[in-house]
Structure formats: C-alpha cells, structure tokens
Engineer: 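I'd like to ask some things about the structure below.
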Protein chains: 2
Amino acid sequence: MATSPSAALAAGRRRSTRQGAAIDEALAAADGFRTAQALHDELRHQGQAVGLTTVYRHLKRLAEDGAVDVVVRPDGEAAYRRCGPSSSGVPEEHHHHLVCRTCGYSVEIEGPEVEAWAHRVAADAGFTDVSHTLEIFGECGRHERPYVDTVSQ
Amino acid sequence: MATSPSAALAAGRRRSTRQGAAIDEALAAADGFRTAQALHDELRHQGQAVGLTTVYRHLKRLAEDGAVDVVVRPDGEAAYRRCGPSSSGVPEEHHHHLVCRTCGYSVEIEGPEVEAWAHRVAADAGFTDVSHTLEIFGECGRHERPYVDTVSQ
DNA sequence: ACAAGTATTGACAACGGTTGTCAGTAGCGT
DNA sequence: ACGCTACTGACAACCGTTGTCAATACTTGT
C-alpha cells in the first residue's frame, strides 16, 4: 500500500489487476528497453507469472496511451521502455533514444535541430504528413547488470 | 535487355541466373522501396515467376553486399531498394531515406550535420561502436503509379 | 457483505514475415 | 559434352505477435 498503489495505472476507468501492476513494476525497474518476451521472462523468474498474451496486451495499450516508447530493432522485434516520468497522463514530448545494443540501457535524447531538419527536407520534397524514426545504437560499455535477454540463455 | 546482362550482378564469382536478373530488373524498375513479397508479386504478374524463397535470398545477399538499402518499417516488415547508381561494387556513402508511406517512392537524403550530431551525442554518453537508423516517412502526394502491394489484390 | 455485470486473463490456435531443408536444376569451367 | 557445384523452389519450420473464447476476478450497485 502506501503511496497509492497502481499510481501509474490509475489513468482512468481501467481495472487494476495484479498482472497489470506486475508489468508496470517490471517496466519501472528496467533501466532500458525490453522486448515483450524478455519482460515476460523476468516476471516469470520473479515468481510473478503473467501470461505472454497479457504482457503483449498491456504493452500495446501502454504504447497507445503514450506511456511507453517503442523501438523496432533492426531485426524487426519491438522493444518497450517506460516513457519519462510519465504517469501524468500527458504524452511526453517528441524524443529519440540512444540504446545499448547489448543490455538495452538507454538514454532519451532530443534534437530540435534534427527535428526541424527532417521536416524541412520532407517539405522541400513535397511530402506531407511527415513523421520519422531515429534511434542511435551503440555499446554503453558498462552493462554489468545480469540482463536476461532473448539473445542467450 | 540492353546487352551486358546481369551487369549489376557481375560483382564477382557469382553465377548469373534468369531469376537473379529478373529480381535485379524489378529492383531497378522500382522507383522506391519494395517488400520481398511485393517484389515477388510484381515478378509473378510480369510472367517472370521466381520463387519467394529465392527473392528473399537474393535480397539478403544484395543487402549484405551493400547493393540495396534496407528499411525496417514500423510494423517490422523489411523493404528494399536498389542503392544509388551502384553496380560499381563500392558501397554507397552513408545516407538515409525519405519514404512515401503509400507508394514506397523514396528519395535519398544526406545530413552530415545529423550524422555528426548523432555521433557526438553518443560519444558524450560514453557509447562506442555507434550506429543509427533514421528514416523519414510521409505522403508524396503523387503516387499515381499502379503500385501493386501486399495490401490489396 | 453479496450479487451481478463486464473487463481482464491466459492457454492455444492462427497469422504473417522470414529462414532452413533438401532434392532437383542449370550455370560455368574444363 | 561432362561434371562440379551454386542456385532454385516447394514446403516445413520458426518466431514474434495477434485473435479466440471460456474462465476469472475487479467494481459497482444494492
């Protein structure tokens, strides 16, 4: 109790469930992006078993609500991360990520100039309804964390 | 046609086949990105039947050789496009794309500033072995072309 | 506290894109 | 022409993700 439980879920008229809270917590505990399956594994190992389908459903909803950021990795798999301080209900500002290829650790980055550039380029070419994806990948060099991923183990 | 068949395939010690040439031509005729399946369909309709597996194989190889650019769409599907004038064997310079969401039409774009910015940001955060993805999507507003896609038909 | 109504759950099947398999085919050097 | 072997392609297997639907458990009204 204490600190109003399911604070992050209390967005509105949704029912708060054990599973939802567990997913929320796991997401909060993660310091970076996690795939649905990785999240499912973590929950499993923590004893908080949640169906894979349920994990996908929550992630999808959270993504729609703008509560989590989604990154599509080069191999086509999607990874999620809790978006900023959030819980305020107000979608975060547009931003991108610097993601560690190995452990998923990520940093939010903003580049107003880049945003402007992208729109200018698109407009110059006569494109409308413009959007863009921009993610920077690299090695953070300090992933000591026992990160369980889909990769190995 | 136009003499010197498989000009673009003549990279080295590879056998030139009817299928390979067909894929190459279709890729050359396309004015934008195509998914493997879309390409397969086009070839089929042109009477140049080629196995889907073969299309995937060629695309994969071409991508490895740097002969085609690959874009992973938000839904996780991959789309390919012949890379620049190419055929020289020398991989194109690093660049990105402005892609029409509807017809696949695309324009290559370069942004030295953005590249520099991306690397600077990553370096500042202590990341190494940096790479990035950047694609701009929009509506080109003039896709009159009878584009056959996986969507319909 | 209890009952009723309905969102949520989760095991399982289905789906769509992509890759592995492997016998048959066809370039290419000799 | 011959033989070697890369290439081909129908098909099955994979894998991430979504649909299905009966069972479950939040919530609200009483």
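Small disclaimer: the values here were computed from a predicted structure and weren't measured. Letters A, B, ... mirror the listed sequences (proteins, then strands); counts begin at 1.
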Engineer: Grab the CZ-P distance between Arg61(B) and dT19(C) for me, whole Å please.
Structural biologist: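 So the CZ-P distance, Arg61(B) to dT19(C), works out to 14 Å.
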Engineer: Suppose we call a contact any N or O donor and acceptor under 3.5 Å apart; does that hold for the side chain of Thr53(B) and the base of dA10(D)?
Structural biologist: yes
Engineer: Using the side-chain heavy atoms of Thr17(B), tell me which of these nucleotides is nearest: dC7(D), dT18(C), dG10(C).
Structural biologist: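 Looking only at heavy atoms from C-beta outward on Thr17(B), the closest nucleotide is dC7(D).
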Engineer: Rounding to an integer number of Å, can you tell me how far Asp75(A) CG sits from dG16(C) P?
Structural biologist: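 Atom CG in Asp75(A) sits about 21 Å away from atom P in dG16(C).
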Engineer: Taking the six-membered ring where the residue is Trp, are the ring centres of His96(B) and His132(A) under 6.0 Å apart?
Structural biologist: no
Engineer: Rounded to whole angstroms, how far apart are CD on Gln37(A) and P on dG16(D)?
Structural biologist: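 From Gln37(A) CD to dG16(D) P: 5 Å.
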Engineer: Expressed in angstrom and rounded to an integer, what is the separation of Arg15(B) atom CZ from dG3(D) atom C1'?
Structural biologist: 11 Å
Engineer: Within the 4.0 Å heavy-atom criterion, would you say Arg18(A) contacts the bases, only the backbone, or no part of the nucleic acid?
Structural biologist: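 Sugar-phosphate contact only - Arg18(A) comes under 4.0 Å of backbone atoms but never of a base.
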Engineer: What is the distance from CG of Leu52(A) to P of dT9(C), rounded to the nearest Å?
Structural biologist: 13 Å
Engineer: Could you tell me the separation between the NE2 atom of His58(B) and the C1' atom of dG27(C), rounded to a whole number of Å?
Structural biologist: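 From His58(B) NE2 to dG27(C) C1': 12 Å.
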Engineer: Could you tell me how far apart Lys60(B) (NZ) and dG17(C) (C1') are, to the nearest whole angstrom?
Structural biologist: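 So the two atoms are 14 Å apart, to the nearest Å.
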Engineer: Does Arg57(A) have a side-chain nitrogen or oxygen under 4.0 Å from the phosphate oxygens OP1 or OP2 of dG10(C)?
Structural biologist: no
Engineer: Nearest-Å distance, CG (Leu39(A)) to C1' (dG16(D))?
Structural biologist: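 That distance rounds to 15 Å.
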